[in-house]
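Input: a single structure, listed below in structure tokens.
Side-chain atoms are counted along with the backbone in the values below, which use heavy atoms only and exclude waters and symmetry mates. Below, chain A is the first sequence line, B the second, and so on; all start at residue 1.
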There are 2 protein chains.
Amino acid sequence: MTRIKEVAALAGVSTATVSRVLNGKSVSPGMESAVRRAVAELGYTPNRTARSLRRQHSELIALVLPDIENPFFTSLARGVEDVARAAGLSVVLCNTDEDVDTQEHYLRIADDENMAGVILAPAGPSALLARLAERHRAVVVVDRAVPDDVDQVLFDNVDLGRRAAQALVDRGHRRVACITGPRATPTAKARADGWREALHEKGLPAPDDLLVYANYRVDGGETAMAQLLAAPEPPEAVLATNNLVGVGALRVLAAGDGPHAQLGIIGDLPFVTSPIDDTFLLQLHPREMGLMAARMLVDRIRGEAGPAQRVIQPSRPVMLGAPAS
Amino acid sequence: MTRIKEVAALAGVSTATVSRVLNGKSVSPGMESAVRRAVAELGYTPNRTARSLRRQHSELIALVLPDIENPFFTSLARGVEDVARAAGLSVVLCNTDEDVDTQEHYLRIADDENMAGVILAPAGPSALLARLAERHRAVVVVDRAVPDDVDQVLFDNVDLGRRAAQALVDRGHRRVACITGPRATPTAKARADGWREALHEKGLPAPDDLLVYANYRVDGGETAMAQLLAAPEPPEAVLATNNLVGVGALRVLAAGDGPHAQLGIIGDLPFVTSPIDDTFLLQLHPREMGLMAARMLVDRIRGEAGPAQRVIQPSRPVMLGAPAS
DNA sequence: TAGCCTCCTGTAATCGATTACACCGCGAAT
DNA sequence: ATTCGCGGTGTAATCGATTACAGGAGGCTA
């Protein structure tokens, strides 16, 4: 591989001058063109490890996600990637599998690699996160709130739950169930809280047997939906609070060997193949969330000061197909 | 952040000794325990940038993919990630969007960052790939063959196409269409070749109007399927040669306002929500492919010599639900 | 007891870039 | 004509680890 010394030798200048040309510092025109010619001839690109060591930060950002197989997070990753690429940064993708230790492991690596910044969708509370933020490393948290004083891009989860449940009630349903994520997940709890509030506001009961905590995956949605439909008095409508759970619920409905129920889903419904005319979708935009988070991160990396921001990402209610009679 | 000097000072030894303890070189028991105590007390972890510079390679591997939103590739990524993590490596995920220039850009970065290795699902021919391999950097190509002399993990695409088409013919269909990927994609062409061979072997015609080239995405499958079903003499069965195209085809069938056709899909059918009783699935295992590729890469990083390997990944035919009458 | 070998240990070189600092030359100001 | 200032340049320090090399202590052999 070519080194800066060889470029300097070929151009007949010092390494300092080569470096200055490549970093846009002022250099006399004659030398500049000599350097550029040498760079082109040798196909030189600077070694990023050496640069990172000297500059004390690399051109990498870490994107730490709970589940890279969930399309919600891959869309988010896509958004981050697009902004990062435009800013000359590369994305290191880390999968925590919802495990806090793994999360801490990757945050530590991000630190030890002198990465320029971190975007984290937390699997749980993190001690390292606060330390990173304190030493003013660029950090943005997405999707799930943390108490720390860092930039965050979030949904208003209570509001999401409320609006989705309201939409189902407004279609005339009185027994509206809710399938949400694990009890320990604040996001899941908040959306369920919204569901409960909406029912109460409409003067409807929200009994415990209409609320099911499931894992936030397809099989969780399947199990929960089957359980709800098998009840002595099945619900008229069901709210699934995330996209994978929604897919599971849709599968059970599509199998069609139980009572029917209208479905509401909070999420982005990727790769659905069944007709979903009668489904209410409160659409989230993970890609936009990723774009926003990455922009904020890039601003911080560029040195933007100021207090930590909390950005609430909007969502869009969509009715798919014709409403139920 | 803690530096090795501070650890050395606290333990009362030289930095060399600290480094040796951390890298498992022999050190006297007394010093070793003193160093370990100091490391624990300060919470020291070595700076990876400095280590990479000295060792001439980092603990990162690049995974360069054409489309991180395609579940096929996210499953593959998941497999790579699992092996990498176990080997102490982190994965840098790069999305080429099927663009060769972007691909070269990322390969160059992998080189400039002194990454330990690269796993590439090529969007097209690459000049850098050969150069990396020549300088015996660890490289593994997945999913799409390249002519270069590097390790590859592939499917036998002609065979996949043939077996899937055979299965549809064996169910009694005579007009079997094929939706494959872009004409320029060798994988797409190979699977279509297999389809053609199967029909010919069965003494059936494989006319051009039964072969549709689509983009390898959901909308490509939708358009192609709609086109096939709208033909004056629609096919009795349709083979979709990748999972996203299959999703698109399924959507059109599920909408149900055209003639019916039996579907065959080569892929891994993620997140499908419609009943797919009558669908033949030739199941691919991208996660296994990722595991295998990462294992081969790790072996190479550890210094394994020997000629470049070509591993053919198996697939499993699955009939979903009851066969058509 | 002298000579050698082994095993640790510390000092300093090294990886490859960026950049602080010193210095040089030239034009402007006095 | 001297001084000052300034833009441009090169030399060498620097980032933080790993590791080549030199040297010292101790055990073993002759």
Are the side chain of B:S58 and the backbone N or O of B:L60 linked by a donor-acceptor pair below 3.5 Å? yes
Hey, does the side chain of B:S52 reach the backbone of B:R48 with a donor-acceptor pair shorter than 3.5 angstrom?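 Confirmed, B:S52 side chain pairs with B:R48 backbone.
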Distance (rounded to the nearest 0.5 Å) between A:E81 CD and B:E69 CD: 10.0 Å
Taking any heavy-atom pair under 4.0 Å as a contact, classify A:S19: base, sugar-phosphate, or nothing.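 The residue A:S19 makes base contact.
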Tell me, please, the opening and closing nucleotides of DNA chain C, 5' to 3', among those with an atom under 4.0 angstrom from a non-hydrogen atom of chain B. C:dC8 to C:dG16
Using the ring of A:F155 (Phe, Tyr or Trp, six-membered ring only), decide whether A:R144 places NZ or CZ under 6.0 Å from its centre and within 45 degrees of its axis.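 No, A:R144 does not sit over the ring of A:F155.
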Within 45° of the ring axis of A:Y106 and under 6.0 Å from its six-membered ring centre, is that where the NZ or CZ of B:R85 lies? yes
In whole angstrom, what separates A:R20's CZ from D:dT11's P?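 The distance from CZ of A:R20 to P of D:dT11 comes to 11 Å, rounded to the nearest Å.
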Examine D:dG8: is either OP1 or OP2 under 4.0 Å from a nitrogen or oxygen in the side chain of A:S26? Give yes or no. yes
Closest-nucleotide mapping onto DNA chain C: is B:V27 or B:R55 further toward the 5' terminus? I mean the 5' end. B:V27
Kindly state each residue pair satisfying side chain to side chain donor-acceptor pair (under 3.5 Å) with at least one member in residues 109-126 of chain A, sequence neighbours excluded.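 Only A:E104-A:S126, A:D111-A:R135, A:D111-A:R137, A:D112-B:T45, A:N114-B:T49 qualify under side chain to side chain donor-acceptor pair (under 3.5 Å).
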Toward the 5' end of DNA chain D, which comes first, B:I4 or A:M31, by nearest nucleotide? A:M31
